[in-house]
Amino acid sequence: MANLIEARGLKKRFARFELGGVDLVLPAGCILGLIGENGAGKSTTIGLLLGLLRRDGGEVRVLGEDPERAEPELHEEIGVVLDSCPFAETMSCRDVKRILAAGYASFDGARFDSLCGRFGLDARQKIREYSRGMRMKLSIAAALSHASRLLILDEPTSGLDPIVRDELLDILLEFIQDERRSVLISSHILSDLEKACDYISFIHAGRTVFTEEKDVLLDKYVLAKGSEGEIAALDPARVVGVRHGQFGCEALVERGYAGKLVCDRAGIEDIMLFYIRGDAK
Amino acid sequence: MKCLIIKDFLILRGQLKTLLLVAAIWFVISFINGSGLFFMALSVVFSMLLPMNTITSDEKSGFERFAAAMPLPRGALALSRYVVGAACSAVMSLAGIAAAVIIGDDPRETLISAALCFCSALCMLGVMLPLAYRLGVEKARIAMTVAFVVLFLAAALAASELGMEPGEGGAALAVLPLAAIVILAASMSVSLRIYAKKEF
């Protein structure tokens, strides 16, 4: 199975932030969710993958090419949704269609119209009259309307209602059905990623904490609940973090190492929160 | 580049009513003064104003970051605004000729003035765009105002040195097209270098 994205030790320095080593691998036919708090480096990583930023270190291959040195045609095969709608507020869907048709050789106007219809976007309405969710839908329609093998989406579900978010996830799953195409999606709505992703990559303070298959990750940890003493008795090497509450403690611990403590399923959100905010073991 | 030019004209279409209103007011003032040249000066103003408006719009919407992720050479991002600016100046120069004909200016003088205004507009465009790309629109506006005053004073000084009377643009007509070509070539080269290094 070919990898559509391979990144090792990606580094980028800014005045107030440093991406200190991000590793990503995205195989064909998969969806990779990029998670992390605000300012963790997700958008910087996406910028480096798209060749919008110049890296200070590391290696990256997107569709087999270095995005910094690749010909512009590489972008014909990448659909992009950035964190805000990139089109002027005075434009309409029809105007956006004209821009995209002139910009992408493989632009499919009928598919764009169909997606706009599916998302309930009026072709004549101005973008300034759209809600944030509608603007995001327009960006998604634009990204899905040309012959891309790879979709890179930076916070595409923010501002969308649950029904449209669910519909978007269905579209992403449809997109990878032929197992030649892949999706990289960053989102704060971790329940969405939990539904759709095959892999999860967690970035914290500019570094990759882990990249794991989602099912392996969800199977790997449990939330163990007990008293301070019970939690303290757990093997520290198997505990990711501990949260001290008013009525007891909660620890994210590797499955099989929680002893006889009461355990709940650990979701991706729990795992992320314990990695970021879990107290010292 | 075609897609960027279409995008810029679609942005300007959204401002069309305001731009037409400005042109109409300018025409009325020209008509009252009986000077088509005054209206033609608008082509110089518009050649700077309109590309700036498109850059401001792109900065606001984040279009440049999106465009950099499209299958477009970086050079196209830099050069498309020269095409748009030159096209706007050309249209405004033609409108200036029409206005001068209506006002009743001398046809020969009108054509010379239109050519001079067009070349001046290209010079201003050449000065302004690299500044806007490098400094951003707000700082570039200040630099542009200074450049406009300098260029105006330089033109007035040159005319005085050459012993030209107002309206006698023969010598300038020989110099300005050459200046426009040189300035534009240098400006495009600088803009291409700015975009080659630019991060989005």
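Computed from heavy atoms alone, side chains included, the values below leave out hydrogens, waters and symmetry copies. Proteins come first, then strands; the chains are lettered A, B, ... in the order of their sequence lines, and each starts at number 1.
Counting only heavy atoms from C-beta outward, the side chains of Leu72(B) and Pro72(A) never approach each other to under 4.5 Å.
In terms of non-hydrogen atom pairs under 4.5 Å with chain B, the most contact-rich of Pro86(A), Pro67(A), Ala101(A) is Pro86(A). Per-residue heavy-atom pair counts under 4.5 Å with chain A were compared for Gly14(B), Ala69(B), Ala67(B), and the maximum is reached by Ala69(B). Counting heavy-atom pairs under 4.5 Å between each of Gly62(B), Ala68(B), Cys3(B), Pro71(B) and chain A puts Pro71(B) at the top.
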So which N and O atoms of chain B and chain A form donor-acceptor pairs under 3.5 Å?
from	atom 1	to	atom 2	distance (Å)
Arg13(B)	NH1	Asp95(A)	OD1	3.3
Arg13(B)	NH2	Asp95(A)	OD1	3.3
Arg13(B)	NH2	Asp95(A)	OD2	2.6
Ser61(B)	OG	Pro86(A)	O	3.0
Ala69(B)	O	His75(A)	ND1	3.2
Arg74(B)	NH2	Gly51(A)	O	3.2
Ala196(B)	O	Arg54(A)	NH2	2.3
Glu199(B)	OE1	Lys12(A)	NZ	3.2
Glu199(B)	OE2	Lys12(A)	NZ	2.6
Glu199(B)	OE2	Arg54(A)	N	2.6
Phe200(B)	N	Leu52(A)	O	2.8

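Within 6.0 Å of the CZ atom in Phe31(B), the count of heavy atoms belonging to other residues, nucleotides or ligands does not exceed 12.
The aromatic rings of Phe63(B) and Phe87(A) sit tilted, their planes meeting at an angle between 30° and 60°.
Distance CG/Leu50(A) to CZ/Phe66(B): 10.5 Å, rounded to 0.5 Å.
With a 4.5 Å cut-off on non-hydrogen atoms, Leu82(A) touches chain B through its side chain but not through its backbone.
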